[in-house]
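Step one of this worksheet: look at the structure below.
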Amino acid sequence: HFPSAQTSVKPEPAMWPYFLAHASYHTVRLFPSYDRVGIRVLLLAIAALIALVPIYVIHLRHSSDYCEQDLVMTAVYLSVALMVMFGFVACMAIMNTVPLYVKQLFHIYG
């Protein structure tokens, strides 16, 4: 059963915030432990910019002019998911040894 044009499409969970946090964990580990400052700053800056995009969409006055779907609900969901993603990126990029409970919470989030 495919949705018709009149039905509203609700946002479904996306896996890309989980992928970004997971990729940042492995990217930091590619560098030697004594020289990770630059990549940590870069990954945190990228994650912060990505986390701010839905907040920008929420504040647009005419976002409905570009898309028929309700972008506010999708943007709210994404802003929450991306803020959690930013927290995991920060934890996994800054900590040299990530505790087991942080890894478990991360996989529950995913």
Side-chain angles (χ1 to χ4, degrees):
H1 175 266
F2 295 104
S4 65
Q6 286 81 22
T7 62
S8 64
V9 178
K10 294 184 180 178
E12 295 182 14
M15 289 297 292
W16 62 271
Y18 175 75
F19 168 74
L20 288 172
H22 192 73
S24 68
Y25 171 77
H26 288 291
T27 302
V28 167
R29 299 314 183 265
L30 289 174
F31 292 86
S33 60
Y34 59 85
D35 191 26
R36 292 182 179 169
V37 174
I39 194 67
R40 286 175 177 164
V41 170
L42 178 67
L43 288 174
L44 288 173
I46 290 171
L49 287 174
I50 290 172
L52 292 176
V53 170
I55 295 171
Y56 172 73
V57 171
I58 290 172
H59 285 84
L60 286 178
R61 291 185 183 195
H62 303 290
S63 63
S64 61
D65 293 343
Y66 305 106
C67 184
E68 294 177 6
Q69 293 181 353
D70 185 22
L71 292 180
V72 174
M73 290 305 295
T74 305
V76 167
Y77 162 75
L78 278 176
S79 63
V80 170
L82 290 174
M83 292 301 165
V84 173
M85 180 228 30
F86 180 74
F88 279 119
V89 168
C91 286
M92 293 184 181
I94 293 172
M95 295 179 175
N96 283 328
T97 304
V98 180
L100 181 62
Y101 67 90
V102 174
K103 289 181 182 180
Q104 290 171 341
L105 284 175
F106 174 68
H107 289 297
I108 290 171
Y109 163 71

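Hydrogens, waters and symmetry mates are skipped; everything else that's a heavy atom, side chains included, is used.
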Please list every donor-acceptor pair under 3.5 Å in which a side-chain atom of residues 80-87 meets a protein atom from a residue at least two apart or in another chain.
none

Taken to the nearest 0.5 Å, the spacing of L44 CG from I94 CD1 works out to 5.5 Å
Assigning hydrophobic clusters by single linkage (Ile, Leu, Val, Met, Phe, Trp, Tyr; side-chain heavy-atom cutoff under 4.5 Å), is V89 placed with F31?
yes
Summary of side chain to side chain donor-acceptor pair (under 3.5 Å) pairs that have at least one residue in residues 37-54, sequence neighbours excluded
R40-N96
Do L30 and L43 sit in the same hydrophobic cluster, where Ile, Leu, Val, Met, Phe, Trp and Tyr count as joined when their side-chain heavy atoms come under 4.5 Å apart?
yes
Tell me which donor-acceptor pairs under 3.5 Å the side chains of residues 22-29 have, and how far apart each pair is, sequence neighbours excluded?
residue	atom	partner	partner atom	Å
H22	NE2	H26	NE2	3.2
S24	OG	L20	O	3.4
S24	OG	A21	O	2.7
T27	OG1	A23	O	2.6
R29	NH1	M92	O	3.0
R29	NH2	M92	O	3.4
R29	NH2	M95	O	3.0

Tell me, which pairs form a side chain to side chain donor-acceptor pair (under 3.5 Å) where one or both residues lie in residues 41-50, sequence neighbours left out?
none
Report, one line per pair, each donor and acceptor closer than 3.5 Å where one atom sits in a side chain of residues 99-108; sequence neighbours left out.
residue	atom	partner	partner atom	Å
H107	ND1	Y18	OH	2.7

